[in-house]
Amino acid sequence: MSARSLDRRVYLRSHPLLFGLISATRPLGAVWVGRTLLVHDAEVYREILTNVPLDREAEGTTGGAALQLGGGGVLFDQAGDEHREARRSLAADLGAEGVSRVRPIWQGVIERGLTQLPGPVDLVPLAKEIAGATACALTGCATEPLVLAEATVEAASNAAGEHLPRLWGHRRVALRALRAADALSALLPDPLDAMLAVAAVNTTLAALPRAAAWCARAELWDQISPELTSELLRVTAPTPILPRVAAAGATIRLGDRRFRIRAGDRLILVARHAAEAHRDTARNERTAAQAVFGAGPHACPGANLARAQLTDFLTALVPHRPEVRKAVAARGTALPGYAKLVMAGSRV
Ligand code: HEM
């Protein structure tokens, strides 16, 4: 199976109906489904994230979920001066100096975790530990990295599950989400720290194994570089959709079509298609690579850290040129990823 087919399976299996609908409507660029606008086109995606006023606290959006999880004031749900101030306070931790400070920590986890190679190793728990150790370092959390990582995975998957359309089980799902949020806040009482850990761990856990599997299947071990890292993030698009709600009216153009958005309309922004993940070569490489991390004032502040970490992870795998031995897609997680990804050195 090719790298693209293997990865597509992970993506489609996580939420088959939702991603099936999204794949089917891609050729339209943008399309209304009731009062929900599905947006695939890169320019419309960027325009909405940059210029359309968004209701950052609306239910069913990333900000709404963050608000519920952290209790408010956690970036995703903020706007204006309050948001700018919160971003400034995070800049030192996630800027070049902050990244150099935490880098030796994740490098240590990678080195220890790969000592089993060329024998088989499951990259999913390793990615969880890398992400957990990084989140502990960023937030000053003294808990075991795997314990923190598990708590953030539970919190995110339950929060995402709560917002998916379902016919029954609402109360049970809401209770589970509440319990997961409480468990996380027992480890990280500061809501901003808790949200940072959720944002960092879930994306890393999705990104690292998928990129490694892609490298193995496409035989890219000779080409590992920061440029390949960006390209792998583009084709895997770890956060494939950004659910948002318009806070005010706006008109968006796509060719000769016009989309009149009203306050309260739902916007499903398909980062995967804005990043042209479905194409082997993006028409606009820079814009496509950035689309994976969003756009405008809320664009991901952890992008440089994520890129550095993925490059280190893949570089550490190079000497073993591992192959995929067993790949099991995860179900019900907040982001598409693997439940198990066993790789082994190609000579074992
Ligand atoms: C492959 C890894 C990652 C991907 C694909 C990713 C993607 C994204 C995306 C798409 C957004 C929303 C942007 C928007 O609304 O325009 C976002 C926001 C955010 N990300 Fe990441 N992210 C990654 C890793 C990280 C890491 C490692 C951290 C922290 C260390 C982080 C922290 C955040 C935070 C705090 C926000 C909220 C920003 C705000 O609302 O102002 N992310 N990320």
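Start at 1 and go down the list; that is how both ligands and their atoms are numbered.
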Pick one of side chain, backbone, both or neither for how [X] approaches ligand 1, counting any non-hydrogen atom pair under 4.0 Å.
X: R87; value: side chain
X: Q78; value: neither
X: L233; value: side chain
X: R84; value: neither

>> With a cutoff of 4.0 Å, is M195 in contact with ligand 1, counting heavy atoms of the residue only?
In response: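 In this structure, M195 fails to qualify as a contact of ligand 1 - no heavy atom is under 4.0 Å.
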>> Under 4.0 Å, counting heavy atoms only: does A295 come that close to any atom of ligand 1?
In response: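 In this structure, A295 qualifies as a contact of ligand 1 - some heavy atom is under 4.0 Å.
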Find all atoms of ligand 1 within a distance of less than 4.0 Å from any non-hydrogen atom belonging to [X], and give their numbers and elements.
X: A207; answer: 1 (C)
X: V292; answer: 5 (C), 7 (C), 10 (C)
X: L242; answer: 10 (C)
X: A299; answer: 13 (C), 16 (O)
X: T239; answer: 5 (C), 7 (C), 10 (C)
X: F76; answer: 18 (C), 19 (C), 36 (C), 37 (C), 40 (O)

>> When you measure from the centre of the six-membered ring of Y11, is the NZ or CZ of R272 closer than 6.0 Å and no more than 45° off the axis?
In response: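 Pair R272/Y11 counts as cation-pi.
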> Are side-chain heavy atoms of R56 and F76 found at a separation under 4.5 Å?
Replying inline: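 A side-chain contact under 4.5 Å is absent here.
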> Shortest non-hydrogen contact from T50 to A295?
Replying inline: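 Scanning both residues completely, I find the closest heavy atoms to be OG1-CB, 4.1 Å.
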>> Could you work out, for atom 2 (C) of ligand 1, the closest of V201, T139, T203 by heavy-atom distance?
In response: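 Heavy atom nearest to atom 2 (C) of ligand 1 belongs to T203.
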> What residue and atom, counting heavy atoms only, is the protein's closest point to atom 6 (C) of ligand 1, and at what distance?
Replying inline: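 Checked against all protein heavy atoms, atom 6 (C) of ligand 1 sits closest to F293 CD2, 3.6 Å.
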> Relative to each other, are the rings of F259 and W32 parallel, tilted or perpendicular (30° and 60° limits)?
Replying inline: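 Rings of F259 and W32: tilted, as their planes differ by 30° to 60°.
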